[in-house]
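These values consider heavy atoms only, across backbone and side chains, with no hydrogens, waters or symmetry-generated copies. In the text below, chain A, chain B and the rest are named by the order of the sequence lines, each starting its count at 1.
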Amino acid sequence: MIETPSLVDQYCHGVLRTELGLGTFEAQLARTEGPPAPGTTLFDTQTGFAVRRWCPPLLGLEPHCPPARYLARRRELGVLEAGRRLLRGSGITTYLVDTGLPGDLTGTTEMASTGDAEAREIVRLELLAEQVADTSGTVESFLANLAESVHVAAANAVAFTSVAGLRHGLALAPEPPGPGEVRGAAGRWLADRRVGGELTDPVLLRHLLWIAVASGLPLQLHAGLGEPGTRIDRTDPVLLTDFVRATAGLGTDLILLHGYPYHRHAAHLAGVFPHVYADSGAALVRTGARAATILAEILELAPFGKILFSSGAHALPELHVVGARLFRESLAQVLGGWVAEDAWSPADAQRVAGLISAENAKRVYGLE
Amino acid sequence: MIETPSLVDQYCHGVLRTELGLGTFEAQLARTEGPPAPGTTLFDTQTGFAVRRWCPPLLGLEPHCPPARYLARRRELGVLEAGRRLLRGSGITTYLVDTGLPGDLTGTTEMASTGDAEAREIVRLELLAEQVADTSGTVESFLANLAESVHVAAANAVAFTSVAGLRHGLALAPEPPGPGEVRGAAGRWLADRRVGGELTDPVLLRHLLWIAVASGLPLQLHAGLGEPGTRIDRTDPVLLTDFVRATAGLGTDLILLHGYPYHRHAAHLAGVFPHVYADSGAALVRTGARAATILAEILELAPFGKILFSSGAHALPELHVVGARLFRESLAQVLGGWVAEDAWSPADAQRVAGLISAENAKRVYGLE
Amino acid sequence: MIETPSLVDQYCHGVLRTELGLGTFEAQLARTEGPPAPGTTLFDTQTGFAVRRWCPPLLGLEPHCPPARYLARRRELGVLEAGRRLLRGSGITTYLVDTGLPGDLTGTTEMASTGDAEAREIVRLELLAEQVADTSGTVESFLANLAESVHVAAANAVAFTSVAGLRHGLALAPEPPGPGEVRGAAGRWLADRRVGGELTDPVLLRHLLWIAVASGLPLQLHAGLGEPGTRIDRTDPVLLTDFVRATAGLGTDLILLHGYPYHRHAAHLAGVFPHVYADSGAALVRTGARAATILAEILELAPFGKILFSSGAHALPELHVVGARLFRESLAQVLGGWVAEDAWSPADAQRVAGLISAENAKRVYGLE
């Protein structure tokens with residue numbers, strides 16, 4: 001059988017520190033615009049079913065047990081102990097943590113200690129810019145502080161991540177904006193902005209992307225499935241083609257996160273461009289029993305040295321578990337199936353499993 | 001095994017009352033622009049093969065028998081008796097019938113009696129508007145009669161359906177058009193129009209959608225595969241995102257019909273928006289031996305309480321049979337497979353089968 | 001089991017006449033913009049693995065042997081003998097060869113003798129126009145010579161092929177450009193052009209398509225996956241819908257090459273329009289162990305009389321082998337699976353296999 005002893009989760013978030021009831025837990029199972037429809041529940045989704053399959057045994061319950069029973073047991077153990085059992089049961093050995101989402105979430109260090117694993121930080125560019133804007137008085141100081149902040153972050157973080165695709169869409173002009181254009185956009189944004197105001201201006205989003213590219217740190221770009229409030233065709237990774245071409249040869253790697261339902265497009269870009277990588281991440285958590293097919297679709301065009309695992313998990317340690325288990329099961333099923341029909345040799349399959357599970361991430365992010 | 005004792009076909013049409021020869025039967029197997037290419041036949045399609053698999057036994061013949069033999073037997077029985085045997089053999093217990101297509105087709109009552117089933121009517125908005133236009137002398141009377149007709153229809157019908165996507169494309173401005181805009185568009189349309197002329201004006205199509213939304217009755221929107229004369233990317237359901245967002249919270253459910261090849265996009269919208277539902281319909285009839293995969297793709301993102309069965313069948317009772325049989329077989333294969341690999345529990349699988357087969361439709365359309 | 005004794009490769013290129021090292025061989029395994037990323041190799045792709053599965057046994061080695069060992073054996077045999085063994089081991093009985101790519105490639109006659117098969121020529125329209133431009137002094141002579149060249153080519157070739165989609169995108173105006181428009185575009189192009197300069201002007205690309213359509217010879221259109229330098233959504237075959245509609249009924253068949261990842265769209269067009277055909281070609285070579293799924297996706301909407309096999313192979317005879325073997329294995333797996341579950345009869349499956357493998361191509365291209 002295919003083994004994956006080491007598992008680098010190249011993109012996830014921390015977990016909530018607060019106790020959760022049935023409703024607050026359910027709300028984390030999907031990203032919706034509004035509450036579940038009358039007569040329906042978000043537990044009746046692939047993610048909900050996957051949580052009920054994989055997590056109860058880690059808390060001493062039978063698989064597929066009812067949500068209420070699971071939540072009762074979770075509260076009985078307490079959020080800390082439940083989180084420890086879940087993260088340690090996930091099989092993830094390194095977490096790369098995007099710390100740029102709000103909420104009472106564990107940070108990088110706490111993810112490492114709770115999960116008994118390594119953890120490194122990913123810096124979210126838009127939040128960084130918003131934080132700099134909160135404390136900068138003028139356009140000139142904002143731009144200087146922003147450049148400095150990216151520089152400092154690059155020294156400590158393992159990657160940058162950008163949600164420009166979710167904020168504006170990925171159809172951004174591919175070239176860096178000129179200095180005057182940036183100053184003008186910054187001036188307008190700062191003038192209109194209250195503390196905490198979101199960055200959505202396309203010129204500033206592009207400016208951020210380009211100063212991140214200049215840092216040399218790997219840059220993760222959200223594509224495909226994303227947050228409420230977006231329109232999914234605006235995050236088709238194919239829209240990034242010209243930006244990808246413009247950044248070729250600069251020495252900075254681009255990682256296309258999520259991708260689904262355009263994951264074949266992300267895999268295509270990873271196949272064409274040396275500096276582009278494809279994620280096999282959140283898509284698996286969202287599609288549950290279908291995860292093996294999604295992974296196989298990514299494996300069509302993406303070279304095997306260009307695919308990275310992630311859970312994309314946020315808030316619930318259950319999602320880290322589900323991401324890791326679905327990935328491992330899917331990888332074993334897909335690659336094992338190809339070995340069984342003699343399309344791949346067993347040695348190749350094991351080697352590719354190691355690449356996607358951990359080795360590619362170690363190389364791209366310079367881990368160890 | 002997964003059982004589906006009750007089956008609500010949430011979208012279909014009546015069947016032809018006239019006897020059919022080989023050529024007229026074949027012409028109903030696909031929606032084409034032109035006759036089959038020389039040397040080819042529409043029986044050599046997934047739909048044709050599925051008809052030959054499922055229907056001959058209901059008329060006392062062996063599965064997969066040649067088309068000519070099947071048609072001879074069909075004529076021997078007569079169109080009424082053949083229709084009765086087929087519809088009653090489909091397993092469908094309730095038909096929701098879009099009566100808005102031309103041709104000598106059975107209506108709602110006749111579908112119920114022929115099929116020994118319940119039947120309810122779906123009103124096609126564009127036809128309603130065209131009928132009102134045929135009998136209204138002025139713009140003011142047209143608009144008043146239209147509002148009244150929608151109101152009356154809403155009292156009797158179980159849903160509205162719109163082919164705005166096939167007439168104009170789904171990239172319609174999301175907000176309701178203003179009264180002046182509507183009057184202007186109605187005036188231009190009525191002035192140019194002959195009796196029976198089709199409604200294609202985007203302002204009037206939007207006006208229709210919004211008065212339907214105001215009625216509170218579920219609104220079915222055609223997306224993906226459609227009629228000859230369209231361009232398929234103009235019916236990608238993702239184009240509806242802004243309209244969907246604009247209608248959120250108003251209390252009217254939207255059902256995205258067909259969807260294929262963009263069914264993953266339809267499933268995504270059903271996952272994000274409480275009032276959106278995804279169809280697992282005509283796509284199965286069109287893809288035959290591949291139906292289980294299409295159904296599984298819909299089951300990736302769509303919550304299990306948000307998926308509805310339909311046959312999408314038109315003119316041939318064979319298509320109602322094929323829609324129902326492919327759906328049941330696919331559901332049993334997909335959910336049964338997940339149970340076999342322990343991804344789902346048997347009880348969950350059976351419960352979800354009941355939801356998709358009938359319970360979701362009963363809830364959404366207020367049946368019984 | 002499903003048998004495919006005869007195999008018409010409806011689109012491929014010749015093979016290189018020069019000896020290849022590990023690096024020059026690897027470079028032919030994918031179409032990339034730049035060399036493999038550090039730490040990766042193009043052998044770690046579906047195409048690379050498929051070559052290692054199918055080709056070593058034809059040269060007397062074990063399947064899955066390491067690339068270096070395979071290349072050593074290939075050089076030991078010499079490029080001519082290796083090519084002979086590979087092509088003759090592919091099972092292809094007729095090659096239709098696009099001779100319009102540069103490089104030291106075997107031509108049509110040499111493909112026939114090396115492969116012990118039939119071979120016929122496909123003429124690439126854009127190259128033809130460039131060659132005419134190289135030798136025409138004026139706009140008038142260019143246009144007259146072009147018409148004459150297409151006429152002459154049509155008498156000898158079996159099809160035309162166009163890469164207008166890769167040069168400009170498939171969103172071309174559907175109608176033929178007017179004579180004045182063509183003269184103006186030709187004048188500008190010839191004035192700016194050096195010998196060998198590429199044709200990318202959309203007016204001239206459309207002019208070429210229409211004079212090809214007028215010839216009555218089947219016209220192959222590249223869609224989906226293509227060359228470096230393109231953006232994949234610009235080659236979605238759905239963009240051809242209006243051109244397809246404009247050419248309906250003129251008696252010229254259109255064949256949509258490649259298609260992936262938009263192969264379901266290509267299959268849709270083949271289903272709607274009598275004169276449109278779908279390719280099950282390069283997609284299989286690129287997706288390797290996933291080929292059966294891609295083929296099955298094409299078989300959803302495309303009528304079985306409208307699907308054609310190709311390898312899309314270029315430069316390496318290994319790619320002809322892989323294309324043919326993956327196709328045969330996939331066809332047997334997909335159709336055999338449907339027979340096993342009684343969705344199709346064995347006789348129908350065997351008949352459809354014969355259509356897709358060879359009979360459809362013989363009919364469309366008038367072979368024998």
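- In this structure, chain C has no heavy atom under 4.5 Å from any part of A:A248.
- Interface remark: of the candidates A:G305, A:A267, A:A347, A:A343, A:A343 forms the most heavy-atom pairs closer than 4.5 Å to chain C.
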Report the donor-acceptor contacts between chain A and chain C below 3.5 Å as a table, one pair per row.
unit_1, atom_1, unit_2, atom_2, d
A:R245, NE, C:E33, OE1, 2.9
A:R245, NE, C:E33, OE2, 3.3
A:R245, NH2, C:E33, OE2, 2.7
A:R245, NH2, C:T230, O, 2.8
A:R264, NH1, C:E297, OE1, 3.3
A:R264, NH2, C:E297, OE1, 3.1
A:R264, NH2, C:E297, OE2, 3.3
A:V272, O, C:E33, N, 2.7
A:L299, O, C:Q46, NE2, 2.9
A:E300, OE1, C:Y260, OH, 2.4
A:E300, OE2, C:R290, NE, 2.8
A:E300, OE2, C:R290, NH2, 2.9
A:F304, N, C:D44, O, 2.8
A:E341, O, C:R53, NH2, 2.9
A:D342, O, C:R53, NE, 3.1
A:D342, O, C:H64, NE2, 3.2
A:D342, OD1, C:H64, NE2, 3.3
A:D348, OD2, C:R52, NH1, 3.0
A:D348, OD2, C:R52, NH2, 2.7
A:R351, NH1, C:D44, OD1, 3.4
A:R351, NH1, C:D44, OD2, 2.8
A:R351, NH2, C:D44, OD1, 2.8
A:R363, NE, C:P38, O, 3.4

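- For C:A289, the parts lying under 4.5 angstrom from a heavy atom of chain A are both the backbone and the side chain.
- Between A:P274 and C:P35, the closest heavy-atom pair is CG-O, 3.0 Å.
- Neither the backbone nor the side chain of A:V334 has a heavy atom closer than 4.5 Å to any heavy atom of chain C.
- For A:L355, the part sitting under 4.5 Å from any heavy atom of chain C is the side chain, from C-beta outward, and nothing else.
- Top candidate by heavy-atom pairs under 4.5 Å with chain A, chosen from C:G229, C:A50, C:A291, is C:G229.
- Residue C:L326 does not touch chain A at all, counting heavy-atom pairs closer than 4.5 Å.
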